Asker: 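Here it is: the structure, laid out below.
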Amino acid sequence: MGKKAFQKPKGTADLLPSDSLKWHYVEETARLLFSDYQYHEIRTPLFENYEIFSRSAGDTSDVVTKEMYDFYDKGNRHIALRPEGTAGVVRAYVENKLYAPEEVKPYKAFYIGPMFRYERPQAGRMRQFHQIGVEAFGSESPALDAEVIAMAVDFFQMLGLTDLKVAINSLGDATSRANYRQALIDYLEPHLTELSSDSQIRLYKNPLRVLDSKDEKDQALVANAPSILAYLTPDAKTRWEKLQAYLDALGLDYEIDSSMVRGLDYYNHTIFEIMTNMQELGRGWTTISGGGRYNGLVEALGGPKTSGIGFAIGLERLMLLLESVQAPLPEAEPIDFYVVNIGEETDIEALKLVQAIRSYGYSAERDYLDRKPKGQFKAADRLHARFVLTLGPDELEKQQINLKKLETGDEQKVELLKVYTALPDLVEMEKGVEN
RNA sequence: GCGGUAUUGGUGAAGUGGUUAACACACUGGUUUGUGGAUCCAGCACGCGUGGGUUCGAUUCCCACAUACCGCCCCA
């Protein structure tokens, strides 16, 4: 151990090779599936101008007011590490003029990458965390909403998750929301003193948040509060009903949760969350995916009036969930060959051998620690090698090498030359023996 | 940002104000002058998160800090 042991910054994690194997699998599953739905990957910067986020997420959201990693760079630009993915994608959509008529509509994209929020870390909640997200621009159709929700569910099912809850709600359009906001305040105001202190503040800042309170007394009050669904304008209501019709047609199970609120201010109309009540992620239901419509966002970031919808999946939470339900996840691949070499005079030949084996596309490893044969065999065993090639002075002299199949213990001498010229035949031959 | 719990080797952990920090797993070496997954033997914490303090003496008591986890806030 060195003198000073550095620690990674609070709320960050090292993803070791055994983990990244599993992450790759999940990410690859997403890439394949999203491609079927015609979503293609977009990569935007990990940091943006601060305003991109402050304007999009809303000035009252906690994400902006207290969780942003922001700083001034050497050119005195106000920069922020992205706390979420949508704003950057919207900025890219506008900046690259992806609204142009020659682009296919809706314009669909997905992203995978790290996000940053200055928060108190807990299990499944990191300061640097990762999301897979999708966005679709340029269509108002609730069929697209349904598709997006279906795709998220599809994704989780592909990974072997079935015990999830899909909750949907509608925030309506600006008019619906304004009317409801007032109705909610009118309802709650007489009970102001009964509300928790947090909720008393919420009531005027962002009254919909009161609906979300975990305080028991708040919840009791909120239970009889008016529902936003009763305040939808006719247009918004039609959309809302169509969405359900589409989801029903797909046979997708969902729950309507009229008290569901999302953390970012840009949402309107459809919002949804996919939740699990896994213990490892804390008490009650934990959201592993959330999203919705953001019809005003493109405009807010300087683009033409364009509707949009998207969602994001929290990868840390997803990985914890997959581990806890023992969903199938890949393990380290066994290697094909381990070359055991005995004596210094075989060193060069061993080096050439592993390279030759690799040139055939098989994986191969050898000893670099001058271990004795026993130690090398142990290493081969730990790597779950299929075959061991033993090369000693004898073999070198006779130009024959010992081929051992670890699983059965069968050994045979083969011409050294064959490893270089006909390795696949040797592998096939061994296969023949085992069948 | 607030409140709480925790922090001993590569890992899981036991333990006490006072000479050598238990046990297990893993690892390394030997038992087998060239063969793994078995047995047996041996080795493996300059040291108990970091920094202070109390004390004749602290890993064990106190304080601060760091980190992790739990709850709140909030959220993926």
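Because the structure is a prediction, the values reported are computed rather than measured. Per chain, numbering begins at 1; letters A, B, ... match sequence-line order.
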Asker: Please report, rounded to the nearest Å, how far the P atom of B/G34 is from the CG atom of A/L396.
Answerer: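 It works out to 17 Å between those atoms.
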Asker: Does a donor on one side chain and an acceptor on the other come within less than 3.5 Å for A/S213 and A/D215?
Answerer: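 Per modelled atom types, A/S213 and A/D215 side chains form no pair under 3.5 Å.
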Asker: Kindly say if A/K10 contacts the phosphate of B/U67, meaning a side-chain N or O under 4.0 Å from OP1 or OP2.
Answerer: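 Yes, within the criterion.
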Asker: Distance check needed: B/C73 C1' versus A/D218 CG, whole Å only.
Answerer: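 Nearest whole value for this atom pair: 13 Å.
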Asker: What is the nucleic acid contact for A/M126, judged by heavy atoms within less than 4.0 Å: base, sugar-phosphate only, or nothing?
Answerer: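 Base, at least one base heavy atom under 4.0 Å.
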Asker: With no angle test and no hydrogens, is the base of B/U35 tied to the side chain of A/E411 by a donor-acceptor pair under 3.5 Å?
Answerer: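 Indeed there is one.
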Asker: Say you pick atom C1' in B/G49 and the same atom in B/A68; how far apart are they, in whole Å?
Answerer: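 Roughly 11 Å separates the two C1' atoms.
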Asker: Of the nucleotides B/C73, B/G34, B/G1, which has the atom closest to the A/Y118 side chain?
Answerer: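 Output: B/G1.
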Asker: Answer with base, sugar-phosphate or nothing: what part of the nucleic acid does A/G11 contact at a heavy-atom distance below 4.0 Å?
Answerer: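 Since only primed, P, OP1 and OP2 atoms lie under 4.0 Å of A/G11, the category is sugar-phosphate.
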Asker: Should A/R120 be listed as having a side-chain N or O under 4.0 Å from OP1 or OP2 of B/C75?
Answerer: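 No, A/R120 has no side-chain N/O under 4.0 Å of OP1/OP2 on B/C75.
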Asker: Spell out yes or no: do the side chain of A/R317 and the base of B/C75 have one donor N/O and one acceptor N/O closer than 3.5 Å?
Answerer: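 Such a pair is found, so the answer is yes.
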Asker: When we call it a touch if two heavy atoms are under 4.0 Å apart, what does A/G409 touch: a base, just sugar-phosphate, or nothing?
Answerer: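 Base, at least one base atom sits under 4.0 Å.
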Asker: Please state whether the rings of A/Y266 and A/Y294 are parallel, tilted or perpendicular, taking 30° and 60° as the class boundaries.
Answerer: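 The arrangement is perpendicular - the two ring planes meet at more than 60°.
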Asker: Which value, in whole Å, describes the distance between the P atoms of nucleotides B/U67 and B/A13?
Answerer: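 One P to the other, the span is 23 Å.
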Asker: For A/L406, answer base if it contacts any base atom (sugar-phosphate contacts may also be present), sugar-phosphate if it contacts only those atoms, and nothing otherwise; contact means non-hydrogen atoms under 4.0 Å.
Answerer: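 Base, at least one base atom sits under 4.0 Å.
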Asker: Taking only N/O atoms, report every protein-nucleotides 25-33 of chain B pair under 3.5 Å with atom names and distance.
Answerer:
unit_1	atom_1	unit_2	atom_2	d
B/U28	OP1	A/R382	NH2	3.3
B/G30	OP1	A/K372	NZ	2.1
B/U31	O4	A/K374	NZ	2.8

Asker: Between P on B/A76 and CZ on A/F156, what's the gap in Å once rounded to a whole number?
Answerer: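 The distance from CZ of A/F156 to P of B/A76 comes to 13 Å, rounded to the nearest Å.
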Asker: Taking the same atom, C1', in B/A45 and in B/A38, what whole-Å distance lies between them?
Answerer: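 After rounding to an integer number of Å, I get 30 Å for this pair.
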Asker: Base, sugar-phosphate or nothing for A/A123? Non-hydrogen atoms, less than 4.0 Å.
Answerer: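 Sugar-phosphate contact only - A/A123 comes under 4.0 Å of backbone atoms but never of a base.
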Asker: State plainly whether the residues A/K108 and A/E135 are in salt-bridge range, i.e. N to O under 4.0 Å.
Answerer: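 Between A/E135 and A/K108 there is no salt bridge, as every charged N stays at least 4.0 Å from the carboxylate O atoms.
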Asker: Would a distance-only check, ignoring hydrogens and angles, find a side-chain to backbone donor-acceptor pair under 3.5 Å from A/E84 to A/M115?
Answerer: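 No; judged by distance alone, with no hydrogens or angles, the pair does not exist.
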Asker: Select one nucleotide: of B/C74, B/C73, B/U67, the one nearest the side-chain heavy atoms of A/K66.
Answerer: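 Closest of the options to the side chain of A/K66: B/C73.
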Asker: Which is true for A/T287 with a 4.0 Å heavy-atom rule: it touches a base, it touches only sugar-phosphate, or it touches nothing?
Answerer: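 Sugar-phosphate contact only.
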Asker: Suppose we call a contact any N or O donor and acceptor under 3.5 Å apart; does that hold for the side chain of A/R125 and the base of B/C74?
Answerer: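 A donor-acceptor contact between them is present.
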Asker: Can you find an N or O donor on one side and an acceptor on the other, under 3.5 Å apart, linking the side chain of A/D381 with the base of B/G37?
Answerer: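 Answer is no: no donor-acceptor pair is held.
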Asker: Kindly say whether, by distance alone, the side chain of A/E119 makes a donor-acceptor pair under 3.5 Å with the base of B/A76?
Answerer: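 Answer is yes: a donor-acceptor pair is held.
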Asker: Please check this pair: side chain of A/R366 against backbone of A/N341, looking for a donor-acceptor N/O pair closer than 3.5 Å.
Answerer: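 Answer holds: no.
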Asker: With sequence neighbours left out, write down each residue that passes side chain to side chain contact (heavy atoms under 4.5 Å, CB included) with A/A92, or none if nothing qualifies.
Answerer: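 Counting only residues at least two positions away or on another chain, A/A92 forms a side chain to side chain contact (heavy atoms under 4.5 Å, CB included) with A/I42, A/T44, A/N96.
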Asker: Whom does B/G43 pair with, Watson-Crick or G-U wobble, provided both distances fall under 3.5 Å?
Answerer: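 Pair assignment: B/G43 / B/C27.
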Asker: Respond yes when some side-chain nitrogen or oxygen of A/Q122 is under 4.0 Å from OP1 or OP2 of B/G71, and no when none is.
Answerer: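 Yes, within the criterion.
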Asker: Between B/C69, B/G34, B/U35, spot the one nearest the side chain of A/P121, thanks.
Answerer: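 Of B/C69, B/G34, B/U35, B/C69 is nearest to the side chain of A/P121.
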Asker: Tell which nucleotide pairs with B/C69, taking only Watson-Crick or G-U wobble pairs whose two distances are both under 3.5 angstrom.
Answerer: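 Base-paired to B/G4.
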Asker: Between the main-chain N or O of A/T421 and the side-chain N or O of A/Y360, is there a donor-acceptor pair closer than 3.5 Å?
Answerer: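 It does hold such a pair.
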Asker: Mind checking whether A/Y180 and A/Y231 have parallel, tilted or perpendicular rings, split at 30° and 60°?
Answerer: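 Aromatic pair A/Y180/A/Y231 classed tilted.
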